[in-house]
Amino acid sequence: MKLSAHYNKASIIVSVTVLLAGAVIYFFAINYIARNQLDRDLDEEIGELFEYINTHHQLPKPVDFDEDQTTFVKTDHRVSTRFFDTAYKNPKEQKTENGRAVEGSVALNGLTYKFTIVISSEGTEYLIQIIAIITLVLMVSLVLILFLTNRYVLNGLWQPFYKLLNQLRGFNVSEQLEHHLLVTKVDEFKELDQAIEMMSLRVKNDFQKLKEFTENASHEMMTPLAVITSKLDTLIQDESLKPEQFEQINDIYGATSKLSRLNQSLLLLVKIENNLIDDAEVIDLKYLLTDKLRQFQELIQSKDLNLIANLISHEIMVSRYLVDILLNNLISNAIRHNTHGGELSITLFEDRLSIQNIGKANALNTERMFDRFQKGNRSEGTGLGLTIVKNICKMYGWEVTYCYQDSMHTFQVIFEPSTIL
Amino acid sequence: MKILIIEDEQGLRDNIVSYLNADGNICESCNDLSGAISKLASYNYDCVLLDIGLPDGDGFTVLNFLKKQRKEESVLIISARNSLDDKVKGLNIGADDYLTKPFHLAELKARVEAVYRRKTAHSNNKLVFNEIAINLFGREVEINNKPIILTRKEYDMLLYFIANKGKVISKSAIAEHLWGDEMDMHDSFDFIYTHIKNLRKKLLDASANDYLKSVYGIGYKFSAV
């Protein structure tokens, strides 16, 4: 539930409760006041009655008091004065209304009479009804207004919040986009916005520093690696070394070269992520692929692979350096993970490049295969090849996909993913 | 050939000097920019090995100095930065080649010779080693004046071996020279064996001496004897 709905609910419940309680209290209070008023009227009537009797020494006739209905009944004992609700028969309209009565006793000429005075309370009840209706109307309109205000005004107030939310959703630590400050009069949102801006700046800064660190660390490692390599190159000139020692040296060579390739790959990733490679030119993939296949010819022949290449002329705008690495990684993977005497099929379509190879009879983990340092059990690579492929594709807005069917592993580079969907 | 090595990492510098100090080459070295400038100001060299990252400035200053003084030294940049920009910048200011660290000394030697040959190519486009004569422009090889046909890899390998004659070259250095980063080393060792076998057979068939010796477990040597 949205915050405005929560707020709406709470405010409507509270206001309805308060209004209802108020209405009840209001009702009783008015009722009480009205009754008091009636009783005071009746008191006055009694006063007038006594005055009449004292003056005229006889009971008044019913017509003497126009609206009130006064009745006298002879009684033999005194009745204490009391007020009570009763029915009032309206003589003009011939109907019974609610009324208020008082009874008491009066002595006249040695006799005791019980008198009852009834007056109509219709007027006051009418008043109460009117007040009740007005209160009800007020209540309904208040709830309605509250509802509408909450809905439109509050939602409007929250708009900056949703804008911020969208900005946060679109936040990418590697993008150098400026944070657009919100235009809002609400202090809380302003503060939130400033806090987010500061946070994103800090995060981006840290990320940038981390990347610089990676780059510097990788560079710094190259010189010691060069020292190791040159020492080894010098060491092997000594032909009095035993074959076992040469074996050890060979392993050191292997590790050094792997370390250096790992470093190069990390540096390349940093460069791609920082968009530092921008030497794009128009390149015909057909020629490039033909060239690549010639380069890999030996490897393909050594594994007795059946090469099926269907190439059409397709020009793309790309950095020669990067597309070279992309093709190298994909094709060398397809050869390395091929079975002996297997099949390698490279097809260039209008919109995509497809590289298929026969390989292990189970699909690769598609979720993690493009992650750093994910590699097959027997892979000698750095574990960065596919990450680099993916990053190059991302840089040019391409999409790289993988699928597996009947021992056939297929990687596709889709050049304009949006047009296919 | 007179070579100046400008490199601040002592371990690397010493090894380069001792490796290149053969075949009548004379190597001098220095470890910073000011030393390099003063040496270059007073002497002439055939080739300069230049590290870009020096403690007292970057190596491009040396290139600018050479250009301003109109000096003819060939310059081979050795840099820890495998950066396209640096490469382009260096080559634009007048460097002849760019080698990224880490590198094999054999590769460095081959590059130095290639750079030097290119500089002196107008007078000499033929590389002669005993009975082997190589026409560098046409990429043709003759043995005792009889041409032999080599594949591209065999030709590259022969040049590489001649540049490093008398030195043991590791398989990993050969692999890197022939294939660069394209191949995992384990894949390429078998290919090296095949290529060397073929090259050796072609040389022997043309009645050249048996120069190519296998050094067990580590690599090969083109013995100059």
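In what follows, chains carry the letters A, B, and so on, assigned in the order in which the sequence lines appear, proteins first and then strands, with residues in each chain numbered from 1. Just the heavy atoms: all of them, side chains too, but no hydrogens, waters or symmetry mates, feed the values below. Nothing here was measured: the structure is a model prediction, and the numbers come from that model.
- In this structure, B/Asp51 CG and A/Thr223 OG1 are separated by 6.5 Å, a value rounded to the nearest 0.5 Å.
- Other residues, nucleotides and ligands place no more than 12 heavy atoms under 6.0 Å from the OH atom of A/Tyr287.
- The parts of B/Tyr216 that come within reach of chain A are both its backbone and its side chain, each placing non-hydrogen atoms under 4.5 angstrom from that chain.
- Among all heavy-atom pairs drawn from B/Pro102 and A/Thr229, the shortest one is CB-OG1, 3.8 Å.
- More than 12 heavy atoms of other residues, nucleotides or ligands shown are found within 6.0 angstrom of CD on B/Glu28.
- Among all heavy-atom pairs drawn from B/Gly11 and A/Lys231, the shortest one is O-NZ, 3.6 Å.
- One distance of note links CD of A/Glu298 with CH2 of B/Trp179; it measures 5.0 Å at 0.5 Å rounding.
- Heavy-atom distances place both the backbone and the side chain of A/Ile236 under 4.5 Å from chain B.
- For the pair A/Gln237 (side chain) and B/Lys167 (backbone), a donor-acceptor distance under 3.5 Å is absent.
- The 12-atom threshold is exceeded at NZ of B/Lys2, counting heavy atoms of other residues, nucleotides or ligands nearer than 6.0 Å.
- The two residues A/Met222 and B/Lys101 come nearest to each other via the heavy atoms SD-O, 3.6 Å.
- Atom NZ of A/Lys390 has 12 or fewer heavy atoms from other residues, nucleotides or ligands within 6.0 Å.
- With a 4.5 Å cut-off on non-hydrogen atoms, B/Ile169 touches chain A through its backbone but not through its side chain.
- Of the residues considered (A/Leu267, A/Val227, A/Ile325), A/Val227 shows the highest number of contacts with chain B, using heavy-atom pairs under 4.5 Å.
- Residue contact with chain B, scored on non-hydrogen atoms closer than 4.5 Å, involves the side chain of A/Lys271 exclusively.
- A distance of 5.0 Å separates CD1 of B/Ile218 from CD1 of A/Ile249, quoted to the nearest 0.5 Å.
- Atom CG of A/Leu232 sits about 8.0 Å away from atom OG of B/Ser170, to the nearest 0.5 Å.
- Contacts between B/Ser79 and chain A at a heavy-atom distance below 4.5 Å are absent for every atom of the residue.
- Atom OH of A/Tyr253 is separated from atom NE2 of B/His104 by 6.0 Å, given to the nearest 0.5 angstrom.
- Separation of atoms CZ (B/Phe103) and CG (A/Asp233) is listed at 9.5 Å; rounding is to 0.5 Å.
- When side chains are defined from C-beta on, B/Tyr19 does not count as touching A/Ser230, because their heavy atoms never get closer than 4.5 Å.
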